[in-house]
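Every chain is numbered from 1 and lettered A, B, ... according to where its sequence line falls, protein lines coming before strand lines. Predicted, not measured: the structure shown is a model, and the values here were computed from it.
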2 protein chains.
Amino acid sequence: MGEMSRTDPPGAGRSGRIGIGLQLDATHLKILEVLREHGRISVAELAERVGISRANAYTRFEALRADGVIKRFTLEVDHVRAGLGITALIFVTVRQQMWKQFRAQLAQMPEVEYCAITTGQHDAMIQVRMSDVAAVHAMVTDRLANIPAVKATETVFILDEVLHRPYVLPSDQPARTATTPRPEPRRREPVPLGKMRFVGAAEGRATLQRD
Amino acid sequence: MGEMSRTDPPGAGRSGRIGIGLQLDATHLKILEVLREHGRISVAELAERVGISRANAYTRFEALRADGVIKRFTLEVDHVRAGLGITALIFVTVRQQMWKQFRAQLAQMPEVEYCAITTGQHDAMIQVRMSDVAAVHAMVTDRLANIPAVKATETVFILDEVLHRPYVLPSDQPARTATTPRPEPRRREPVPLGKMRFVGAAEGRATLQRD
DNA sequence: GTTGAAATTAGTACGAA
DNA sequence: TTCGTACTAATTTCAAC
């Protein structure tokens, strides 16, 4: 089988994309739904589950890869059994104009599973998995605190992961209700006061710069 | 190929596990490292990359599955190309003693990619992917606000995902420095004041209940 | 834990609808 | 585009070392 595709996806890896990409139809989504749960089944079995011919499955499968919709195949592990049973979220306040260094430092931290730049009170959220809580403490105080770009951190622990889907698809979106149609008239129901709160970006965040 | 393993992992799916699980050695970790990047390669090629015989690779591969360390094979998609370019985090305050309903409701929301119970100011964090910001708004006001267990929400948007590893492994952990050895003497360096802040659980969280 | 050979399955190429 | 089939190549399984 080799690697299933020797050719590198044309636009993969680049952030700015040139082509518009292929339009996903229901069959494409079905393929992604099946592969989400069974990323290692053969294309023949994939075709059977989706209800298309094998040749068609090969064509679409390769198209999804070539177009970059499918980035890579991977797997899910049981973190506890893998020896890293403690998960923590670290919210980071980044010193402005040091974003580049912040990103560079993070790239060298293999213990970080996820990092995203966010709006709101903090600037970034980091998710780490550790063997014990002491390791989290060490991570925050020794590793993160030594990064000049890090101004402050706030750590919370994850007590339980209720659900964790590899990804969601447009087909997972609930049908827009009558009360919330598409982006046309900009008027919606009055929101129960004090129940919801959107948090905008902190000042000076417009200076967000890549690399 | 079929599904690579017809036998169901013994302890998979159950939360409380009976067996202790197998002890992962360096070879196991290497296997997981390779599969993390190339979840679809053949076991033959896996053996070659890890540097072991094929039969050995089959044995260990199956052991990792049977023991539940490997939960399932999946893939990564480009969310933008898949049509869901907006990612948001919704921090939820849950009405105490309604955790069970909260979990039940979430299970019926396929648009939620991730949900974890956390310590700190809020009770849970939800990650969603949507086609546009209006959809996030609709999600929060129509879907979440209708859940009685949800007392309040706070939404932040993800501006950029700096890095996203499928999972981290013990072999990804940086070597414990001399300043931070293993959990023995409980004394560490003084932490730069005001730089770090751990946030404990809100009051009444001890009532956390499953299902 | 390793190697080698048989049996099965996967991937490719092609013409037809 | 999609389907069906035949051909080729690779993978898994099983046996012996």
Side-chain angles (χ1 to χ4, degrees), chain A residues 1-10 12 19-75 169-171, chain B residues 1-10 21-75 81-83 171:
Chain A
M1 183 206 292
E3 178 97 359
M4 182 58 51
S5 171
R6 274 82 171 182
T7 59
D8 288 346
I20 313 162
L22 81 170
Q23 198 66 18
L24 301 183
D25 59 20
T27 305
H28 287 120
L29 293 179
K30 190 79 187 293
I31 290 174
L32 293 176
E33 284 176 26
V34 173
L35 289 177
R36 173 169 55 183
E37 301 289 330
H38 310 280
R40 236 183 123 86
I41 60 172
S42 66
V43 181
E45 189 168 339
L46 173 65
E48 197 174 340
R49 294 198 189 214
V50 175
I52 56 179
S53 70
R54 288 197 296 168
N56 193 1
Y58 275 105
T59 303
R60 288 169 173 273
F61 183 91
E62 187 51 39
L64 286 171
R65 278 205 58 120
D67 201 70
V69 178
I70 295 178
K71 286 160 71 179
R72 65 173 161 182
F73 294 90
T74 181
L75 49 87
L169 295 170
S171 52
Chain B
M1 183 202 295
E3 176 97 1
M4 183 59 49
S5 170
R6 273 83 172 183
T7 59
D8 288 346
L22 79 172
Q23 198 67 17
L24 302 183
D25 59 18
T27 306
H28 287 120
L29 294 178
K30 190 81 187 293
I31 290 174
L32 293 175
E33 284 176 25
V34 172
L35 289 176
R36 173 167 57 182
E37 299 290 329
H38 310 280
R40 241 183 118 86
I41 60 172
S42 66
V43 180
E45 189 169 339
L46 173 65
E48 197 175 341
R49 293 199 189 214
V50 175
I52 56 179
S53 70
R54 286 173 303 176
N56 194 358
Y58 276 104
T59 303
R60 289 169 174 272
F61 183 91
E62 187 51 39
L64 286 170
R65 279 205 58 120
D67 200 70
V69 179
I70 295 178
K71 286 160 70 178
R72 66 173 161 184
F73 294 89
T74 182
L75 48 86
R81 287 172 198 244
S171 51

Side chain to side chain contact (heavy atoms under 4.5 Å, CB included) partners of Ser171(B), counting only residues at least two apart:
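For Ser171(B) the side chain to side chain contact (heavy atoms under 4.5 Å, CB included) partners, ignoring immediate neighbours, are Leu29(B), Glu33(B), Leu169(B).
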
Exercise. Name all residues meeting the side chain to side chain contact (heavy atoms under 4.5 Å, CB included) criterion together with Ser53(A); count only those two or more places apart in sequence or in a different chain, and write none if there are none.
Key: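 Ser53(A) satisfies side chain to side chain contact (heavy atoms under 4.5 Å, CB included) with Ala55(A), Asn56(A) once adjacent residues are dropped.
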
The dot-bracket string of DNA chain C, counting Watson-Crick and G-U wobble pairs with both distances under 3.5 Å, using [ ] for crossing pairs and | for pairs to another strand, is ||||||||||.||||||

Practice problem: May I ask you to verify if any side-chain N or O of Tyr58(A) is less than 4.0 angstrom from the OP1 or OP2 atom of dT12(C)? | Solution: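 Answer is no, no contact under 4.0 Å.
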
Atom-to-atom span, [atom1] of [X] to [atom2] of [N] - whole angstrom:
| X | N | atom1 | atom2 | value |
| --- | --- | --- | --- | --- |
| Glu45(A) | dT12(D) | CD | P | 14 Å |
| Arg60(B) | dT2(C) | CZ | P | 9 Å |
| Glu62(B) | dC14(D) | CD | C1' | 16 Å |
| Ile41(A) | dT11(D) | CD1 | P | 18 Å |
| Glu48(A) | dT9(C) | CD | P | 12 Å |
| Phe61(A) | dG11(C) | CZ | C1' | 12 Å |

Within the structure provided, determine whether [X] and [Y] are in side-chain contact (heavy-atom separation under 4.5 Å).
| X | Y | result |
| --- | --- | --- |
| Leu35(B) | Thr74(A) | no |
| Glu45(A) | His38(A) | no |
| Arg60(A) | Ile52(A) | yes |

*asked:* Could you measure the distance from the CG atom of Leu75(A) to the CD atom of Glu37(B)? Nearest 0.5 Å is fine.
replied: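 Between atom CG of Leu75(A) and atom CD of Glu37(B) there are 10.5 Å.
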
Working to the nearest 0.5 angstrom, can you tell me the gap between Leu24(B) CG and Ile31(B) CD1?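 Spacing of CG (Leu24(B)) from CD1 (Ile31(B)) equals 10.0 Å.
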
Protein N or O to nucleotides 3-8 of chain C N or O, pairs below 3.5 Å:
residue	atom	partner	partner atom	Å
dG4(C)	N7	Arg54(B)	NH2	3.2

Q.
Checking Arg54(B) now: which residues fulfil side chain to side chain donor-acceptor pair (under 3.5 Å) with it, not counting sequence neighbours?
A.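 Once residues adjacent in sequence are excluded, Arg54(B) has no partner under the side chain to side chain donor-acceptor pair (under 3.5 Å) criterion.
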
